[in-house]
Amino acid sequence: MTLPPALLQFLGSLAAILVLAAIAWRLKLGPEPRLDDENAARRAADEAVSGFEPVAIGLDNEGRGALLRDAGGRILLLRPHGTHIAGRLLSDRADARIEDGALFVDTAEKRYGSARLALADASAWMQAIEAIKNR
C-alpha cells in the first residue's frame, strides 16, 4: 500500500506538532502569569521579597504587573518573567514616566529591565517612585 505524498506530509507535520506540544508541556511552558487581584499581588510580593507587607497596591489593568509600597516607603515592581512573576525593589536609580496614560518604570537594572503598567493612579505611583530618589 502506497500513501500519497500529501498524506505523508500531513502525518509528518501532525507528528511534529504533537512532539513540540509534549516538549512544551514537559517544560511547563504556557501562558504568561497574571496578577488578577490584590491577593495574587500580595502572594507574588511575598515570594519575591520574603516578608514584604504592602500598604498600597497598584494593579495593571490587564494583570501584567503591579507596584506595591510598604510602610517603610519601599516600592516593589512585579512583572511577568516567563511563566513566573519576578519582583524587584526599586532603588534611587529607578525612573518613571507617564506616556499615553500608562506608567513606564525603568528599574535601572539591565537584567530586569522596565515595565509598562496601565494603572488607575499612575501619577501617584510616579510621585512615589520619585520620592525614593529624594531619601
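Being a predicted model, the structure only gives us computed values, none of them experimental. Along the sequence shown, residues are numbered consecutively beginning with 1.
The 12-atom threshold is exceeded at CG of Asn39, counting heavy atoms of other residues, nucleotides or ligands nearer than 6.0 Å. Summarising the local packing, CD of Glu130 is surrounded by more than 12 heavy atoms from other residues, nucleotides or ligands at distances under 6.0 Å.
Ser114 and Asp106 make their closest contact through CB-CA, 3.8 Å (heavy atoms, listed as atom of the first residue, atom of the second, distance). Among all heavy-atom pairs drawn from Leu35 and Ala40, the shortest one is CD2-O, 3.7 Å. Pro33 approaches Pro80 most closely through the heavy-atom pair O-CG, 4.0 Å. Contact record, Ala66 with Ala41: CB-CB, 4.5 Å, taken as the closest heavy-atom pair.
Within the model, atoms CG of Leu68 and CD of Glu53 stand 12.0 Å from one another, a figure rounded to the nearest 0.5 Å. Distance check, rounded to the nearest 0.5 Å: CG of Leu59 to CG of Asp36 gives 9.0 Å. One distance of note links OH of Tyr112 with NE2 of His81; it measures 9.5 Å at 0.5 Å rounding. The CZ atom of Arg43 sits 6.5 Å away from atom CG of Asp37, with the distance rounded to the nearest 0.5 Å.
For Thr107 (side chain) and Gly113 (main-chain N/O), a donor-acceptor pair under 3.5 Å exists by modelled atom type. A distance-only check finds a donor-acceptor pair linking the side chain of Asp60 to the backbone of Ala118 [under 3.5 Å]. Remark: the backbone N or O of Gln9 is paired with a side-chain donor or acceptor of Ser13 at under 3.5 angstrom.
Using a 4.5 Å heavy-atom threshold, the side chains of Leu117 and Leu77 count as touching. At least one side-chain heavy atom of Val105 sits under 4.5 Å from a side-chain heavy atom of Ile129. Taking 4.5 Å as the limit, some side-chain heavy atom of Lys133 sits within range of a side-chain heavy atom of Asp95. Residues Leu119 and Asn61 form no side-chain contact, since every pair of their non-hydrogen atoms from C-beta on lies 4.5 Å or further apart. Leu76 has its side chain within reach of Leu78: a pair of non-hydrogen atoms, C-beta onward, lies under 4.5 Å apart.
Ion pairing between a basic and an acidic side chain is recognised when a charged N comes within 4.0 Å of a carboxylate O; Asp70 and Arg74 show such pairing.
By the side chain to side chain contact (heavy atoms under 4.5 Å, CB included) test, Ala56 is found to be paired with Arg69, Trp125, residues two or more places apart in sequence or in another chain being considered. Listed by chain and residue number, Phe104, Arg116 satisfy the side chain to side chain contact (heavy atoms under 4.5 Å, CB included) test with Ala102 (two or more places apart in sequence, or in another chain).
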Compile the donor-acceptor pairs under 3.5 Å between side chains in residues 85-92 and protein atoms, sequence neighbours left out, one pair per line.
residue, atom, partner, partner atom, Å
Arg88, NE, Glu109, OE1, 3.0
Ser91, OG, Arg93, N, 3.2

